[in-house]
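What follows is a short report on a single structure.
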Amino acid sequence: MARPCVLLKYGELMLKGRNRGRFEEHLRESLRHAVESASAPVRISQRPGVVVLSGAPVPELVECAHRVIGVSVVQPALRTSRTMDDVVAAVSQALTERFGSPEEAGRRRFAVRAHRRDKRFPMGSEQVAAHVGSRVVEEWGWPVDLTDPEVEITVEVDQREVFVSLEKQRGQGGLPVGASGRALVLLSGGFDSPVAAYRAMRRGLRCDFVHFTGAPLTGPSSTYKAYALVRQLDRFQGGSRLHVIPIGNAQRALATAGAGNLQIVAQRRLMVRTASALAAELGAQALITGDSLGQVASQTLANMATVEEAAELPLLRPLLAWDKEEIIAEARRIGTAEISKLPDEDCCSLLAPPRVATRTTPSQLVNVERRMELDELVPKLLADVQVHVPGAAA
Ligand code: ATP
Ligand code: MG
């Protein structure tokens with residue numbers, strides 16, 4: 001009997017030399033995290049250009065694999081030895097598992113696609129395909145259709161074994177988490193920032209999270225939400241840390257300093273300033289927000305520029321050009337929408353002016369900030385940070 005496994009493929013076209021090694025290393029790390037939840041120990045074996053998962057039931061392996069960023073194809077397969085008799089038997093086994101008997105299956109147009117990752121294999125790909133195809137015609141009585149088959153049988157010849165499969169599912173795609181470095185996400189409780197975090201992970205950034213609360217002026221509800229969001233996002237990377245920083249008093253100080261209709265932008269600058277200092281401690285190379293151009297008054301181009309001026313690291317906005325509906329659809333897909341829509345006490349609505357200034361400049365803000373002791377404030381805020389590890393099993 002051929003043994004079940006799951007093949008994972010990744011977009012390897014742009015991968016060369018050292019990059020490839022790093023890419024594969026990060027991918028394996030993500031995989032190790034993803035399979036931790038499986039009911040049996042999972043074996044992860046690397047072949048040139050393919051990773052093979054085995055050891056746990058296939059549906060579980062498939063589910064784990066679908067969570068892993070960097071995997072572009074998830075392919076349930078049967079693994080067998082490199083003799084043609086075994087390959088033919090494995091194809092029979094796969095077809096029987098899927099369709100029952102030839103009578104039950106009826107007539108289906110089929111094609112065999114063969115690839116050799118080991119070019120030393122004595123038969124050519126065409127020969128392998130023709131051999132397997134003729135046996136399927138004999139046993140199942142199906143017609144061959146190479147252009148529009150209903151059943152596509154893939155035979156992949158590797159160095160030590162052959163894989164047979166009937167389906168290829170699309171994986172998450174993207175670059176494995178960590179391959180592009182590390183970033184700190186400013187996570188609020190809304191729809192946008194969790195999606196921004198996910199898209200950043202999809203481009204290979206390992207993410208840490210910081211959430212600012214209005215404490216002591218607000219309750220803990222926004223922290224609970226941030227915690228639940230990070231827990232959800234952690235499924236894609238593992239080891240996520242959530243840093244919670246209360247800024248209620250600092251917000252009040254800004255209001256007292258006369259921020260007026262600059263209040264929101266002043267708070268945002270304080271957030272990116274504090275986040276920059278935290279990022280330096282964590283070794284993160286960029287900040288990430290869920291800003292989308294023009295979505296709300298605080299996200300005009302001028303205000304983004306004013307906020308960015310206070311950041312000491314590149315401020316990345318993965319959703320800059322996304323529409324709200326696109327963001328919400330993505331939030332549903334990655335499982336953060338249900339959490340984001342819960343009510344909370346958002347620190348931004350606290351002390352929000354009736355009209356938010358839309359065309360601010362850094363010099364206006366510097367005027368307000370001059371009345372605050374920023375040099376002391378940022379370290380003081382950082383001293384109050386609370387760190388949570390939401391992904392860890394309770
Ligand atoms: P979101 O849906 O992410 O809450 P939003 O549409 O509500 O975004 P804003 O409230 O203007 O937009 O926030 C813009 C970005 O600033 C957020 O996406 C987030 O990255 C950051 N941000 C806002 N509030 C907080 C907060 N309390 N803690 C951490 N980051 C925040
Ligand atoms: Mg918000």
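The residues of the chain are indexed from 1 along the displayed sequence. Every number for a ligand or one of its atoms is a count from 1 in the order of the listing. Below, each value reflects all heavy atoms present in this structure, side chains not excepted, and no hydrogens, waters or symmetry copies. Please read all numbers here as calculations on a predicted model, not as lab measurements.
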Glu24/Arg20 salt bridge by N-O under 4.0 Å criterion
yes
Closer than 4.0 angstrom, basic N to acidic O: yes or no for Arg3 and Glu161?
no
Looking at Arg47 and Glu156, is any side-chain nitrogen of the basic one under 4.0 Å from a carboxylate oxygen of the acidic one?
no
Taking 4.0 angstrom as the limit, do Arg98 and Glu167 come out as a salt bridge?
yes
Describe, in one word, how the ring planes of Tyr10 and Phe23 are oriented to each other, choosing from parallel (under 30°), tilted (30 to 60°) and perpendicular (over 60°).
tilted
Please report whether ligand 1 has a polar contact with Ile288, defined as an N or O pair separated by less than 3.5 Å (distance criterion only).
no
Return a yes/no value for Val296: is any of its N or O atoms, backbone included, closer than 3.5 angstrom to an N or O of ligand 1?
no
Atoms of ligand 1 close to Ser298 [distance to a heavy atom under 4.0 angstrom, numbered from 1]
11 (O)
So if I count the atoms of ligand 1 from 1 in the order they appear, which ones are less than 4.0 Å from some heavy atom of Gly190?
1 (P), 2 (O), 4 (O)
What I want to know is whether Phe212 and ligand 1 share at least one N or O pair that is separated by under 3.5 angstrom.
yes
Once you restrict to heavy atoms under 4.0 Å, what part of Leu187 touches ligand 1? Side chain, backbone, both or neither.
backbone
ILVMFWY clustering at 4.5 Å (side-chain atoms), partners of Leu78
none
Between Glu25 and Arg22, is there a side-chain N and carboxylate O pair less than 4.0 Å apart?
no
For Val210 and ligand 1, does the shortest N/O to N/O distance drop below 3.5 Å?
no
Partner residues of Arg235 under the salt bridge (Lys or Arg N to Asp or Glu O under 4.0 Å) criterion, sequence neighbours left out
none
For atom 10 (O) of ligand 1, which candidate among Met304, Arg268, His211 provides the closest heavy atom?
Arg268
Near Thr289 (heavy-atom distance under 4.0 Å), the atoms of ligand 1 are 20 (O)
Winner among His243, Gln299, Gln267 once heavy atoms are compared against atom 11 (O) of ligand 1:
Gln299
Within 4.0 Å of some non-hydrogen atom of Asp192, the atoms of ligand 1 are 1 (P), 2 (O), 3 (O), 5 (P), 6 (O), 8 (O)
